[in-house]
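Computation of the quantities below employed the complete heavy-atom set of this structure, encompassing side-chain atoms and omitting hydrogens, waters and symmetry-equivalent molecules. Numbered from 1 within each chain, the chains take letters A, B, ... in sequence-line order.
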There are 2 protein chains.
Amino acid sequence: MKLSSQAQAFVLHFGEMGSRWGFNRTVGQMFALLTIHNKPVNADQLAEALKISRGNVSMGLKELQAWRLIELHHQPGDRKDYFTASGSIWDLARTVFEERRKRELDPTLTLLRQLLLTEPRDEQETEAQKKIQEVYSLLEMLDQFANTLSKLEHKDLAKLMKLGSGLNKLLDLKAGAKAKKPGK
Amino acid sequence: MKLSSQAQAFVLHFGEMGSRWGFNRTVGQMFALLTIHNKPVNADQLAEALKISRGNVSMGLKELQAWRLIELHHQPGDRKDYFTASGSIWDLARTVFEERRKRELDPTLTLLRQLLLTEPRDEQETEAQKKIQEVYSLLEMLDQFANTLSKLEHKDLAKLMKLGSGLNKLLDLKAGAKAKKPGK
DNA sequence: CTTAATTTTCAGAAATTTCTGAAAATTGTA
DNA sequence: TACAATTTTCAGAAATTTCTGAAAATTAAG
């Protein structure tokens with residue numbers, strides 16, 4: 001497994017960014033490598049290419065499988081497990097996106113919902129509740145938004161991309177549609 | 001600074017989630033506390049309420065100021081610095097969102113742009129370039145999307161929220177508009 | 001069943017991040 | 001200016017996360 005300097009840069013970068021995206025450096029590197037490399041790769045090759053221990057590769061593959069980001073293949077006459085990134089780039093992004101939504105938004109929404117159920121006992125708590133309600137509304141909207149986004153098919157995505165700055169124009173459109181209606 | 005059990009739960013939770021949202025536990029707690037508490041709070045009060053060292057509070061406040069999430073106030077006849085969360089909940093969310101976009105997307109876009117400039121030297125590299133291009137297109141779209149979102153005013157947000165599952169309906173609307181005229 | 005190839009596990013090592021607290025620096029007041 | 005209140009800094013301690021590598025477990029072939 002010789003990596004071109006391009007691939008090398010790509011892999012190292014996704015290692016560094018990995019932590020921001022929800023996995024650690026080596027998992028990020030493994031994922032990046034499987035993504036740019038179009039041939040299936042086995043664990044020993046990963047360990048060698050990334051200069052990390054075999055055990056670490058095993059753990060990383062397990063994690064990537066839990067995220068459903070990679071899939072297992074076999075080469076005829078070879079007992080080793082081979083892996084590739086699963087699905088299109090958009091599929092992968094969507095999976096990561098969805099997973100992050102689950103981890104970053106859902107637990108908070110659950111807690112805030114609980115907090116909103118209890119009656120405020122004094123002025124101070126009433127004020128706090130108001131804030132909690134605001135945070136809740138906002139996060140719920142983000143959650144629905146993310147949820148919808150992650151359900152989009154590839155063709156819907158293409159639609160969005162064609163619109164250029166997307167949301168901007170969509171909002172304009174909405175404003176236009178609203179303006180046509182009488183009243184208010 | 002006595003925290004109600006509600007406030008307590010809120011603060012502790014945002015501490016735990018903090019790392020997922022880009023800051024560490026104590027910074028998350030400090031931010032949460034300043035967010036639910038409507039009176040200005042000073043550093044000693046934070047240290048006491050969160051049971052952390054005065055030095056840690058100082059560092060955390062510095063970080064929150066760098067993010068522009070809090071602002072400084074003064075009480076007449078008191079030399080201490082007092083802090084509040086700055087702006088509305090939506091302002092805060094937008095700031096966090098924007099900051100994360102900068103940290104998570106921009107550096108990657110910059111690298112990928114560079115990688116796309118160099119000519120592929122063989123079949124292998126040509127394939128890699130294709131993948132890089134795909135990743136680039138996707139992330140660029142996400143970036144524009146996030147950028148637009150973070151520029152939305154509060155009233156635009158309200159507009160979006162009224163639409164319920166937002167994007168879903170917007171996309172329907174768009175499809176309708178393209179086909180002919182919206183009937184809804 | 002036995003054996004060899006392969007993968008997984010996990011205790012402890014290494015690396016990284018966060019936190020403390022005392023000392024240094026800064027600030028406001030007299 | 002001198003001084004006390006307050007904030008900041010930062011070296012090292014503590015906590016947490018990641019990684020290694022050898023041993024255990026699993027798997028497939030003969």
**Prompt:** Does the separation of the ring centres of A/Phe23 and A/Trp67 fall below 6.0 angstrom?
**Reply:**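 Ring centres of A/Trp67 and A/Phe23 closer than 6.0 Å.
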**Message:** One thing to verify: whether A/Glu104 and B/Arg100 come together as a salt bridge, which I'm taking to mean a side-chain N less than 4.0 angstrom from a carboxylate O.
**Reply:**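 The answer is yes: the pair qualifies as a salt bridge.
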**Asked** Is any side-chain N of the basic residue among B/Lys131 and B/Glu134 closer than 4.0 Å to the acidic one's carboxylate O?
**Response**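 Here B/Lys131 does not pair with B/Glu134 in a salt bridge, since their nearest N and O are not under 4.0 Å apart.
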**Message:** I'd like to check B/Leu69 versus B/Glu63 (side-chain heavy atoms, cut-off strictly below 4.5 Å). Are they in contact?
**Reply:**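 No, their side chains stay 4.5 Å or more apart.
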**Request:** Check whether any side-chain heavy atom of A/Leu72 sits under 4.5 Å from a side-chain heavy atom of A/Phe83, and report yes or no.
**Result:**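 Sidechains of A/Phe83 and A/Leu72: in contact.
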Return the value, rounded to whole Å, for the distance between atom [atom1] of [X] and atom [atom2] of [N].
X       : N      : atom1 : atom2 : value
A/Glu63 : C/dT9  : CD    : P     : 13 Å
A/Leu46 : D/dT20 : CG    : P     : 13 Å
B/Met59 : D/dG12 : CE    : C1'   : 13 Å
B/Lys51 : C/dT20 : NZ    : C1'   : 17 Å

**Request:** State whether the side chain of B/Glu125 and the backbone N or O of A/Ser5 hold a donor-acceptor pair below 3.5 Å, judged by distance alone.
**Result:**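 No: the side chain of B/Glu125 does not pair with the backbone of A/Ser5.
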**Message:** If you apply the rule side-chain contact (heavy atoms from CB on, under 4.5 Å), what do you find for A/Leu46 with A/Leu61, and how did you get there?
**Reply:** CA-CA 10 Å; A/Leu46 282 171; A/Leu61 288 171; 3.9 Å; yes
Can you tabulate the close N/O pairs, meaning under 3.5 Å, that link protein atoms to atoms of nucleotides 16-18 of chain C?
none

**Message:** Categorize B/Leu61 for me: base, sugar-phosphate, or nothing, with a 4.0 angstrom heavy-atom threshold over every strand shown.
**Reply:**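 No contact.
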Under-3.5 Å N/O pairs linking protein and nucleotides 4-7 of chain C:
residue	atom	partner	partner atom	Å
C/dA5	N3	A/Arg79	NH2	3.1
C/dT7	OP1	A/Asp81	N	2.9
C/dT7	OP2	A/Arg54	NH2	2.8
C/dT7	O5'	A/Arg54	NH2	3.4

**Message:** Does B/Thr108 form a side-chain contact (heavy atoms from CB on, under 4.5 Å) with A/Phe14? I'd like the steps, not just the answer.
**Reply:** CA-CA 8 Å; B/Thr108 303; A/Phe14 275 82; 3.9 Å; yes
